[in-house]
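Written out below as C-alpha coordinates is the structure these notes cover.
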Amino acid sequence: MRIVVGSDHAGLKLKTELVSYLKTLDGVELSDLGTHTADSCDYPDYARPVALAVANGEADWGLLVCGTGVGMSMAANKVAGVRAAVISDTFSAAATRQHNDANVLCIGERVVGGGLALAIVKAWIATEFEGGRHQRRVNKISALEHA
Ligand code: RB5
(Lines give C-alpha, C1' and ligand atoms only; values in the text may rest on other atoms or scores of the structure.)
Protein backbone atom coordinates (compact mmCIF):
# COMPACT_ATOMS: atom_id res chain seq x y z
CA MET A 1 0.00 0.00 0.00
CA ARG A 2 1.51 3.29 -1.15
CA ILE A 3 0.40 6.24 0.95
CA VAL A 4 1.28 9.87 0.36
CA VAL A 5 0.77 12.41 3.15
CA GLY A 6 0.89 16.15 3.58
CA SER A 7 -0.12 18.90 5.96
CA ASP A 8 0.19 22.60 6.56
CA HIS A 9 1.54 24.03 9.83
CA ALA A 10 -1.89 23.64 11.48
CA GLY A 11 -1.87 19.91 10.75
CA LEU A 12 1.79 19.16 11.36
CA LYS A 13 1.44 17.69 14.85
CA LEU A 14 -1.38 15.32 13.91
CA LYS A 15 0.28 14.38 10.62
CA THR A 16 3.44 13.49 12.55
CA GLU A 17 1.46 11.26 14.91
CA LEU A 18 -0.34 9.52 12.05
CA VAL A 19 2.88 9.05 10.08
CA SER A 20 4.41 7.37 13.16
CA TYR A 21 1.50 4.94 13.19
CA LEU A 22 1.56 4.28 9.45
CA LYS A 23 5.28 3.48 9.64
CA THR A 24 4.50 0.60 12.02
CA LEU A 25 2.34 -1.14 9.41
CA ASP A 26 3.71 -3.96 7.25
CA GLY A 27 3.56 -3.46 3.51
CA VAL A 28 3.21 0.30 3.66
CA GLU A 29 5.30 2.53 1.42
CA LEU A 30 5.01 6.02 2.86
CA SER A 31 5.88 9.34 1.27
CA ASP A 32 5.67 12.43 3.49
CA LEU A 33 5.62 15.54 1.30
CA GLY A 34 5.68 17.99 4.21
CA THR A 35 5.33 20.45 5.70
CA HIS A 36 8.12 19.57 8.10
CA THR A 37 8.32 22.77 10.14
CA ALA A 38 5.91 24.84 12.24
CA ASP A 39 6.38 27.85 9.96
CA SER A 40 3.13 29.21 8.55
CA CYS A 41 2.45 27.92 5.04
CA ASP A 42 -0.38 27.56 2.52
CA TYR A 43 -2.36 24.31 2.52
CA PRO A 44 -2.92 24.20 -1.30
CA ASP A 45 0.86 23.92 -1.75
CA TYR A 46 0.71 20.58 0.09
CA ALA A 47 -2.66 19.40 -1.19
CA ARG A 48 -1.45 19.74 -4.79
CA PRO A 49 1.44 17.22 -4.80
CA VAL A 50 -0.50 14.72 -2.68
CA ALA A 51 -3.54 14.95 -4.96
CA LEU A 52 -1.39 14.64 -8.09
CA ALA A 53 0.41 11.57 -6.71
CA VAL A 54 -2.95 9.87 -6.13
CA ALA A 55 -4.40 10.97 -9.48
CA ASN A 56 -1.29 9.80 -11.34
CA GLY A 57 -1.35 6.40 -9.65
CA GLU A 58 1.92 6.94 -7.80
CA ALA A 59 0.05 6.42 -4.52
CA ASP A 60 -2.97 4.30 -3.61
CA TRP A 61 -4.38 6.97 -1.33
CA GLY A 62 -3.51 10.24 0.29
CA LEU A 63 -3.76 11.71 3.76
CA LEU A 64 -3.99 15.48 4.21
CA VAL A 65 -4.15 17.32 7.53
CA CYS A 66 -4.80 21.02 8.08
CA GLY A 67 -6.65 22.95 10.79
CA THR A 68 -10.10 21.79 9.70
CA GLY A 69 -9.40 19.39 6.82
CA VAL A 70 -11.72 21.54 4.72
CA GLY A 71 -9.19 23.65 2.84
CA MET A 72 -7.14 20.57 2.01
CA SER A 73 -10.22 18.80 0.65
CA MET A 74 -11.27 21.79 -1.44
CA ALA A 75 -7.83 22.01 -3.00
CA ALA A 76 -7.37 18.26 -3.53
CA ASN A 77 -10.79 17.87 -5.14
CA LYS A 78 -9.76 20.29 -7.90
CA VAL A 79 -7.48 17.57 -9.27
CA ALA A 80 -9.24 15.19 -11.69
CA GLY A 81 -9.47 11.67 -10.32
CA VAL A 82 -9.30 12.74 -6.69
CA ARG A 83 -12.20 12.06 -4.34
CA ALA A 84 -11.15 13.74 -1.10
CA ALA A 85 -13.33 13.48 2.00
CA VAL A 86 -13.13 15.49 5.23
CA ILE A 87 -13.73 12.97 7.99
CA SER A 88 -14.29 13.40 11.72
CA ASP A 89 -15.93 10.08 12.66
CA THR A 90 -15.24 6.40 12.06
CA PHE A 91 -18.63 5.64 10.49
CA SER A 92 -18.04 8.18 7.73
CA ALA A 93 -14.46 6.95 7.29
CA ALA A 94 -15.73 3.47 6.44
CA ALA A 95 -18.76 4.69 4.48
CA THR A 96 -16.79 7.01 2.23
CA ARG A 97 -14.50 4.12 1.30
CA GLN A 98 -17.44 1.71 0.76
CA HIS A 99 -19.71 4.06 -1.15
CA ASN A 100 -17.59 6.90 -2.59
CA ASP A 101 -14.30 5.09 -3.22
CA ALA A 102 -12.69 8.09 -1.54
CA ASN A 103 -8.97 8.20 -2.24
CA VAL A 104 -7.80 11.15 -0.15
CA LEU A 105 -8.55 11.34 3.58
CA CYS A 106 -8.60 14.86 5.04
CA ILE A 107 -8.59 15.43 8.80
CA GLY A 108 -8.65 18.64 10.83
CA GLU A 109 -6.16 18.78 13.67
CA ARG A 110 -8.20 21.56 15.32
CA VAL A 111 -11.34 19.43 15.10
CA VAL A 112 -10.35 15.84 15.80
CA GLY A 113 -8.23 14.53 18.68
CA GLY A 114 -5.30 12.21 18.12
CA GLY A 115 -7.10 9.09 19.35
CA LEU A 116 -10.10 9.60 17.09
CA ALA A 117 -7.88 10.49 14.13
CA LEU A 118 -6.04 7.19 14.57
CA ALA A 119 -9.34 5.29 14.70
CA ILE A 120 -10.43 7.09 11.53
CA VAL A 121 -7.25 6.07 9.71
CA LYS A 122 -7.66 2.45 10.86
CA ALA A 123 -11.29 2.36 9.69
CA TRP A 124 -10.27 3.89 6.35
CA ILE A 125 -7.50 1.34 5.78
CA ALA A 126 -9.70 -1.61 6.78
CA THR A 127 -12.53 -0.76 4.40
CA GLU A 128 -12.82 -1.57 0.70
CA PHE A 129 -14.94 0.05 -1.99
CA GLU A 130 -18.12 -1.99 -2.52
CA GLY A 131 -18.52 -1.28 -6.24
CA GLY A 132 -21.86 -2.27 -7.78
CA ARG A 133 -24.39 0.54 -7.68
CA HIS A 134 -21.79 2.73 -5.99
CA GLN A 135 -19.52 2.47 -9.04
CA ARG A 136 -22.27 3.99 -11.17
CA ARG A 137 -22.53 6.91 -8.77
CA VAL A 138 -18.77 7.39 -8.58
CA ASN A 139 -18.71 7.42 -12.38
CA LYS A 140 -21.22 10.28 -12.24
CA ILE A 141 -18.91 12.17 -9.89
CA SER A 142 -16.09 11.66 -12.39
CA ALA A 143 -18.30 12.93 -15.22
CA LEU A 144 -18.66 16.21 -13.35
CA GLU A 145 -14.96 16.83 -13.98
CA HIS A 146 -16.02 17.59 -17.57
CA ALA A 147 -19.20 19.52 -16.76
C1 RB5 B 1 -4.62 27.67 8.75
O2 RB5 B 1 -4.77 28.71 9.66
C3 RB5 B 1 -5.97 27.10 8.37
O4 RB5 B 1 -6.72 28.05 7.66
C5 RB5 B 1 -5.83 25.82 7.56
O6 RB5 B 1 -5.05 24.91 8.26
C7 RB5 B 1 -7.11 25.08 7.24
O8 RB5 B 1 -7.87 24.88 8.37
C9 RB5 B 1 -7.87 25.57 6.10
O10 RB5 B 1 -8.87 24.99 5.72
Side-chain angles (χ1 to χ4, degrees), residues 1-19 21-22 28-114 116-147:
M1 185 188 296
R2 297 160 303 157
I3 308 170
V4 62
V5 305
S7 77
D8 67 359
H9 56 289
L12 176 61
K13 180 174 173 289
L14 181 58
K15 183 195 69 167
T16 303
E17 291 172 14
L18 295 176
V19 162
Y21 167 70
L22 292 169
V28 165
E29 189 183 310
L30 196 63
S31 179
D32 183 350
L33 302 184
T35 187
H36 300 292
T37 77
D39 297 342
S40 181
C41 60
D42 298 338
Y43 55 85
D45 295 340
Y46 296 89
R48 182 177 190 277
V50 167
L52 288 173
V54 172
N56 295 338
E58 294 159 22
D60 297 307
W61 62 275
L63 170 64
L64 288 167
V65 188
C66 64
T68 60
V70 175
M72 285 295 197
S73 70
M74 288 179 168
N77 276 321
K78 293 291 183 188
V79 175
V82 166
R83 288 176 300 280
V86 189
I87 298 295
S88 54
D89 68 278
T90 55
F91 176 81
S92 298
T96 199
R97 289 287 308 120
Q98 289 169 333
H99 290 199
N100 313 126
D101 199 16
N103 53 16
V104 175
L105 170 60
C106 302
I107 305 180
E109 181 182 312
R110 295 171 179 165
V111 181
V112 174
L116 178 55
L118 188 56
I120 287 168
V121 168
K122 287 179 178 176
W124 174 283
I125 289 173
T127 309
E128 297 287 331
F129 179 50
E130 287 180 354
R133 69 187 186 283
H134 301 297
Q135 184 63 62
R136 182 180 70 245
R137 295 162 185 167
V138 168
N139 290 346
K140 290 184 178 183
I141 294 176
S142 301
L144 289 171
E145 291 168 357
H146 312 290

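Here the CG-CG distance, from L118 to L14, works out to 9.5 Å after rounding to the nearest 0.5 Å.
Looking at M74 and Y43, their side chains never come closer than 4.5 Å, going by heavy atoms from C-beta outward. You'll find the side chain of K15 reaches within 4.5 Å of the side chain of D32, heavy atoms only. Within the 4.5 Å cutoff, side-chain heavy atoms of L18 are placed close to those of I107. Taking 4.5 Å as the limit, every side-chain heavy atom of T68 sits out of range of all side-chain heavy atoms of V86. Two residues are said to be in side-chain contact when any heavy atoms from C-beta on lie closer than 4.5 Å; L12 and V65 fail this criterion. Contact annotation: the side chain of V138 approaches that of F129 to within less than 4.5 Å [non-hydrogen atoms, C-beta and beyond]. Residues D45 and T35 fail the side-chain proximity criterion, which asks for heavy atoms closer than 4.5 Å. Side-chain contact between V50 and M72 is absent, with no heavy atoms from C-beta onward closer than 4.5 Å.
Pairing each heavy atom of P49 with each of L33, the nearest pair is CB-CD1, 3.8 Å.
Environment of CD in E58: crowded, with over 12 heavy atoms of neighbouring residues, nucleotides or ligands closer than 6.0 Å. For R48, the CZ atom counts as loosely surrounded, since its 6.0 Å shell holds 12 or fewer non-hydrogen atoms of other residues, nucleotides or ligands.
Only one option out of I3, I120, V5 pairs with L105 in a side chain to side chain contact (heavy atoms under 4.5 Å, CB included); it is I120. Among the candidates I87, L64, L63, the single residue satisfying the side chain to side chain contact (heavy atoms under 4.5 Å, CB included) test with C106 is L64.
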> Between L22 and I125, is a side chain to side chain contact (heavy atoms under 4.5 Å, CB included) present by the stated rule, with each step listed?
Replying inline: CA-CA 10 Å; L22 292 169; I125 289 173; 3.8 Å; yes
> Hey, mind stepping through I141 and D101 against side chain to side chain contact (heavy atoms under 4.5 Å, CB included) and telling me if it holds?
Replying inline: CA-CA 11 Å; I141 294 176; D101 199 16; over 6 Å; no
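Ring orientation note: the planes of H134 and H99 are close to parallel, at an angle under 30° on the 30°/60° scale.
Counted by atom type alone, N77 and S73 present zero donor-acceptor pairs between their side chains at under 3.5 Å.
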